[in-house]
Amino acid sequence: MSEEKKSLNFLEQIIEEDLANGLPKEKLRFRFPPEPNGYLHIGHAASICLNFGLGLKYNAPVNLRFDDTNPAKEEQEYVDSIQHDVQWLGFQWDQVLYSSDYFQQLYDWTLEFIKQGKAYVDNQSSEQMAAQKGTPTEPGIDSPNRNRSVEENMELFLKMKNGEFEEGSHVLRAKIDMKHTNMHMRDPIMYRILKRHHHRTGNNWCIYPMYDWTHGESDYLEQISHSICTLEFKSHRDLYDWYLDQVVDADKLRPKQREFARRNLSYTVMSKRKLLQLVEEKIVTGWDDPRMPTISGLRRRGYSPESIRNFSEIAGIAKRDNVTDVALLEFCVKDHLNKTAPRVMAVLDPIKVIITNYPEEKEEFLDASYNDYEDGFGSRAIPFSREIYIEQEDFKEEANKKFFRLKLGSEVRLKNAYIIKAESVVKDEAGNITEIHCTYDEDSLSGSGTEESKRKVKGTLHWVSVKHAEKAEVRVYDRLFTDEAPDSYKDKDFKEFLNPDSLNIIKAFVEPSLKTAKILDRFQFQRLGYFCVDKDTTNEHLVFNRTVPLRDSWAKMGE
RNA sequence: UGAUCCAUGGUGUAAUGGUAGCACUCCGGUUUUUGGUAUCGUCAGUCAAGGUUCGAGUCCUUGUGGAUCAACCA
């Protein structure tokens, strides 16, 4: 047991400091607050792992809170997918809550604001208000409606609430400071009129609170000790604190907002807007297209929750902008799948091999372990016969000594089977090789214990028996974009960098044991990569997705 | 010509004024019935200039570079 001291990230340091300054450990409480307006992606996974990870580390509850204050964009479908994704990642929340749970409380507080002269109704157009707001470098000016009487504000706000005004005609604003250097403090909108059906509150409300006026208060009501969000909310913190100042009880815990840098991944985009665009323009097949960086896409691609959690762990968090190399994510899946995935055989680009000295009608079932190096994986019988498929690229008529695979006049081992020697080829009129004729060494069967079986031959090939092979569709994925950061160019659209070869559909042959594989089962196709069973699979039609290829130092040599 | 935040190998992150470390990537060796895995190793970094200090990646100043902020979005 190495008592290695793990360094704390800056948020853990803040928490430790708060604890040292007297915050009781039992008061620690976190939350993950998605807006249910889209599917979760790998960037959200960072936040999920962070918040739920802190919960685990400090044995503190973590709420899943849907930030559902904009009925125009939010849907139950997204609520469901988000819950599914968080659970699939392996986390357990304390409570599922909704910002909409607090609409009444927020409204009651707002009445107090109005009575105390801290909020006013503005009936100017959004253009007028924008013009008065100033710019980051110039101060704003006060709205002509800023000094309405309490009575008038109360009356107008009630009319807003009762649906007597049109959408867009009136808003309620907090009275703060139109000259503040922070734009968010220039009399921000607290409520707008939205005559929309809300996925939870139905038509109970036609005024909806804005994000800023909801988030901190929700944190406070749930007694969240540390409200962790991404960097772009940094400038909202003044407002978060200002709102809290108006409502916080001295004997209750006051939540603290802190910000970290969102996680970006190379060769993809992460904004919901762009992801939505890929879906709507049918560039991908859906939110769960295996090329998407969504949790559902990664799941369908064959990523395991463990690998995603490990990725978040080792990528870490900080406050600077980053583009994390997708190779790190790929390393994490390969690392996990290497330990957990059974090894099987599949040939993606077949060429027929005929073993001329093997009896025509003979077939045998060879015992093959699902993992030669680890216990507990079990084994299955794989059929062997006179005709087999191997990969085209595993054969050359002539090649130099560095080519360990099959070539005329030399030997290779067939994995879990015999040593064969290539004798001749058959070609069609065009000169393409259609068959490779080999002979086999009858005494060389793997694991038979004979002298011949122990012979060292340099190459070992995977194969499937022609007679017994199952046909399968294999979807080979590559990165969706050709540029490391496709959305980092101001003058170019991210779609200019789409990779035209991000999907390759292959007709392959797989060993018969895979016939019974279930959707999402993960395998290593030996010498090729990790693959999982796609949901498009039916009894008649097997479909696999390539999660990630194996490292291939041979292919690299050729470059 | 504002405010706020950020700056450590190619990438991501540590070092809490005291030996710049870890992982990925790249490259090379060994092992191997997966050109995989495992294992060993190489290359590679504190944005710049001043200052404080016995000592600065860390503190201060000034630059430089980047990010964020002007939705009735979150």
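Quick note on labels: first sequence line is chain A, next is B, and so on, each numbered from 1. Keep in mind that this is a model prediction, so the values were computed, not measured.
Cation-pi contact between A/Lys415 and A/Trp463: absent, since separation from the ring centre below 6.0 Å together with deviation from the ring axis within 45° is not met.
Using bins of under 30°, 30° to 60° and over 60° for the plane-to-plane angle, the ring pair A/Phe233/A/Tyr211 lands in the tilted bin.
Comparing B/rG10, B/rG2, B/rA15 against the side chain of A/Ser7 picks out B/rA15 as the nearest. In this structure, of B/rU37, B/rU33, B/rC72, it is B/rC72 that holds the atom nearest to the side chain of A/Ile189. Comparing B/rA74, B/rA14, B/rG35 against the side chain of A/Asn9 picks out B/rA14 as the nearest. In this structure, of B/rA14, B/rU37, B/rA74, it is B/rU37 that holds the atom nearest to the side chain of A/Arg551. Set against B/rA23, B/rU16, B/rG12, the side chain of A/Leu8 has B/rU16 as its closest nucleotide. Listed candidates were B/rA70, B/rG35, B/rG36. Nearest to the side chain of A/Thr135 is B/rA70. Ranking B/rC5, B/rA74, B/rA14 by closeness to the A/Arg192 side chain, first place goes to B/rA74. When distances run from any side-chain atom of A/Asp321 to the nucleotides B/rU13, B/rA67, B/rG36, the shortest one goes to B/rA67. In the set B/rG12, B/rC69, B/rC6, B/rC69 carries the atom at the smallest distance from any side-chain atom of A/His184. Checked against B/rG35, B/rA70, B/rC73, the side chain of A/Pro136 finds its nearest nucleotide in B/rA70.
Side-chain nitrogen and oxygen atoms of A/Ser126 include none within less than 4.0 Å of the OP1 or OP2 phosphate oxygen of B/rA71. Listed pair A/Lys556 / B/rC26 meets the phosphate criterion, a side-chain N or O lying under 4.0 Å from OP1 or OP2. Here A/Arg527 reaches the OP1 or OP2 of B/rG35: one of its side-chain N or O atoms lies under 4.0 Å away. The shortest distance between the side-chain N/O atoms of A/Lys456 and the OP1/OP2 oxygens of B/rU33 is below 4.0 Å. Contact annotation: A/Ser235 side-chain N/O to B/rC5 OP1/OP2 distance is not under 4.0 Å. Under 4.0 angstrom from either OP1 or OP2 of B/rC72 there lies no side-chain N or O belonging to A/Gln128.
B/rU30 is paired with B/rA38 under the Watson-Crick or G-U wobble criterion, all donor-acceptor distances under 3.5 Å. When both pairing distances are held under 3.5 Å, B/rU61 makes a Watson-Crick or G-U pair with B/rA49. In this structure, B/rG12 forms a base pair with B/rC22, meeting either the Watson-Crick or the G-U wobble geometry with both donor-acceptor distances under 3.5 Å.
With hydrogens and angles left out, the side-chain atoms of A/Glu452 and A/Tyr418 include no donor and acceptor closer than 3.5 Å. Side-chain contact annotation: A/Ser227 with A/Asp219, donor-acceptor N/O pair under 3.5 Å present.
No option in A/Tyr530, A/Phe509, A/Phe525, A/Phe531 other than A/Phe525 meets the ring-ring contact (aromatic ring centres under 6.0 Å, His included) test with A/Phe544.
A/Met129 comes within 4.0 angstrom of a nucleotide base, judged by non-hydrogen atoms across all strands.
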